[in-house]
K.L.:
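Mind having a look at this structure? Questions to follow.
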There are 2 protein chains.
Amino acid sequence: MSQKIRIAIADDNTFLLKTVFEKLSFFEDLDSRFHALNGKELLEKFKENQNIDVVLMDIEMPVMNGIEATEILKKRYPQIKVIMLTVFDNDENIFKAIKAGADGYLLKEIDAKDLHDGIVETLNGGAAMTPSIALKTLRLLRNPIEFTNEKDKEEVKLSEREVEVLEQLSKGLSYTIIAENLYLSPSTVRKHIENIYKKLQVHSKIEAVQKAKENKLI
Amino acid sequence: MSQKIRIAIADDNTFLLKTVFEKLSFFEDLDSRFHALNGKELLEKFKENQNIDVVLMDIEMPVMNGIEATEILKKRYPQIKVIMLTVFDNDENIFKAIKAGADGYLLKEIDAKDLHDGIVETLNGGAAMTPSIALKTLRLLRNPIEFTNEKDKEEVKLSEREVEVLEQLSKGLSYTIIAENLYLSPSTVRKHIENIYKKLQVHSKIEAVQKAKENKLI
DNA sequence: AGTCAAATACGGCAAATGGCGTATTGTGTT
DNA sequence: AACACAATACGCCATTTGCCGTATTTGACT
């Protein structure tokens with residue numbers, strides 16, 4: 001690459017902004033050009049200065065959030081790559097960002113090297129995704145039904161292990177088989193299921209599996 | 001991770017097989033256990049030897065292809081991670097593989113380090129995807145094209161009464177409650193369910209409800 | 001250093017479930 | 001009339017499930 005990759009960043013948190021700049025500064029092929037504290041500011045700066053290759057875009061910002069900004073930006077300058085860089089990894093944000101035209105979706109905990117690689121890959125016509133995000137996109141693809149279902153549910157949180165158990169439950173497996181598959185004692189599996197039921201407010205396998213699917217927990 | 005990651009490979013091309021083995025051999029935390037030349041062979045080897053963490057699965061194989069094999073494998077051993085490793089990157093294969101339950105999709109041109117990283121990330125609950133594949137999944141998500149399975153449907157026929165019972169089953173109700181609702185004795189409900197299981201070739205409420213939904217019987 | 005949540009695990013108990021055989025009644029078809 | 005089949009129903013039995021209490025370990029955060 002003869003030319004440096006020119007980058008703009010949109011983020012309202014100046015501390016995180018600084019962290020990102022630092023990560024980028026390790027690499028000589030990257031050139032951090034400017035930043036904005038919200039979507040509107042970013043778009044205004046683009047009016048005078050469009051020679052940017054990649055935008056790293058936060059989602060939660062005042063005035064105009066990153067998803068709206070992405071939508072407008074990609075419509076106006078389609079050649080510019082937009083990579084979401086955020087702490088939020090809920091399905092709705094991911095899906096909205098993709099719909100808005102994002103070329104990648106990374107989480108802020110990403111290390112400098114992976115960020116760099118993601119930027120380069122995106123410029124080369126790929127897409128940047130942290131593995132946990134990739135998993136969620138796979139799940140979204142598997143259940144195309146609920147794309148319409150935008151309304152909020154009361155955010156039931158299951159632990160990772162509980163989700164694993166639930167996934168096995170959904171295959172119709174029994175406690176003992178699940179225990180074997182996960183290298184646990186049946187007692188533990190049963191306790192996990194008990195806890196799942198409490199969290200989901202259900203009283204049987206079927207109800208649990210159905211509720212989990214509704215809430216896209218599996 | 002104290003334990004080595006145990007890997008099985010399915011690929012009909014022995015040359016490519018060797019290449020993959022070589023790539024894996026660079027890493028001390030990876031343990032290539034066995035390989036198979038097609039999906040059927042893989043499943044047979046799994047019958048005796050299931051202590052595998054990750055399967056690297058080719059798509060085009062004789063006898064049984066990688067997508068069918070993935071579907072069966074993931075149903076039988078849901079905890080095992082399956083990563084497609086193939087030269088084919090067309091939308092249909094990607095989508096089918098994801099539907100079949102693949103946990104990742106990598107292209108064979110991948111270098112050793114990225115392959116290793118992908119395996120580890122997948123084990124850690126993420127998903128492995130080469131950037132070009134990630135891009136295609138994003139596009140698939142953006143386009144609300146209905147990829148609903150046109151094929152299969154073995155036309156299982158249930159009687160009216162059986163459908164009624166099944167509908168109640170799907171609400172998560174017990175035999176006795178269903179009996180009350182339909183003005184039947186619990187024995188009858190159980191017999192109906194027994195017959196339903198036989199027709200659907202399943203062995204539990206959950207499986208029955210899921211199969212019925214797949215076949216749009218309820 | 002202390003707290004907390006999560007993951008692990010056991011035992012007990014009542015109810016539900018899944019699989020088997022058997023039997024009677026009605027209904028429609030050959 | 002004979003036959004097939006769905007719907008109804010009971011009993012037996014082993015296993016699974018749902019619910020309860022309790023307990024230890026570990027890792028994360030304060």
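Just so we're on the same page: letters track the sequence lines, and every chain starts at 1. Source: prediction; values computed, not measured.
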K.L.:
Rounded to whole Å, please give me the gap between CD in Q201(A) and P in dG18(D).
P.N.:
16 Å
K.L.:
Could you work out, with ring pair (Phe, Tyr, Trp, His ring centres under 6.0 Å) as the rule, every residue matching F27(B), not counting sequence neighbours?
P.N.:
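Here the qualifying residues are H116(B).
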K.L.:
If you count the non-hydrogen atoms of other residues, nucleotides and ligands that lie under 6.0 Å from CD in E60(A), is the total more than 12?
P.N.:
no
K.L.:
Just to confirm, is there a sub-4.0 Å distance from OP1 or OP2 of dG18(D) to any side-chain nitrogen or oxygen of Y197(A)?
P.N.:
yes
K.L.:
The criterion is side chain to side chain contact (heavy atoms under 4.5 Å, CB included); which residues satisfy it with V63(A), sequence neighbours excluded?
P.N.:
N38(A), K40(A)
K.L.:
From CD1 of I177(B) over to P of dA16(C), roughly how many Å is that when rounded to an integer?
P.N.:
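Roughly 8 Å, once rounded to whole Å.
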K.L.:
Once each nucleotide of nucleotides 5-12 of chain C is scored for protein heavy atoms under 4.0 Å, what B/S/- sequence comes out, 5' to 3'?
P.N.:
-SSBBB-B
K.L.:
List in chain and number order the residues that pass ring pair (Phe, Tyr, Trp, His ring centres under 6.0 Å) with F26(A), two or more places apart in sequence or in another chain; answer none if no residue qualifies.
P.N.:
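Not a single residue meets the ring pair (Phe, Tyr, Trp, His ring centres under 6.0 Å) criterion with F26(A).
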K.L.:
Could I get a table of every N or O pair under 3.5 Å where one atom is in the protein and the other is in nucleotides 25-30 of chain D?
P.N.:
none

K.L.:
For I178(B) and dG18(C), give me the distance from atom CD1 to atom C1', rounded to whole Å.
P.N.:
14 Å
K.L.:
For K198(A) and Y175(A), take the nucleotide of DNA chain D holding the closest heavy atom to each; which residue's nucleotide lies nearer the 5' end?
P.N.:
Y175(A)
K.L.:
Just to verify, what does S187(A) make a side chain to side chain contact (heavy atoms under 4.5 Å, CB included) with, not counting sequence neighbours?
P.N.:
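Partners of S187(A) under the side chain to side chain contact (heavy atoms under 4.5 Å, CB included) test: S185(A).
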K.L.:
Could you tell me which residues satisfy salt bridge (charged side-chain N to carboxylate O under 4.0 Å, His left out) with E68(A), sequence neighbours excluded, listed by chain and number?
P.N.:
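Result, salt bridge (charged side-chain N to carboxylate O under 4.0 Å, His left out) vs E68(A): none returned.
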K.L.:
Any salt bridge (Lys or Arg N to Asp or Glu O under 4.0 Å) pairs touching residues 176-192 of chain A, not counting sequence neighbours?
P.N.:
K191(A)-E194(A)
K.L.:
Would you please name every residue forming a salt bridge (charged side-chain N to carboxylate O under 4.0 Å, His left out) with K113(A), sequence neighbours left out?
P.N.:
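If we apply the salt bridge (charged side-chain N to carboxylate O under 4.0 Å, His left out) test to K113(A), skipping adjacent residues, the hits are D117(A).
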K.L.:
Whole-Å distance between dA6(D) C1' and I196(B) CD1?
P.N.:
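Answer to the nearest Å: 13 Å.
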K.L.:
Please report the distance, rounded to the nearest Å, between CD in E164(B) and C1' in dT8(D).
P.N.:
14 Å
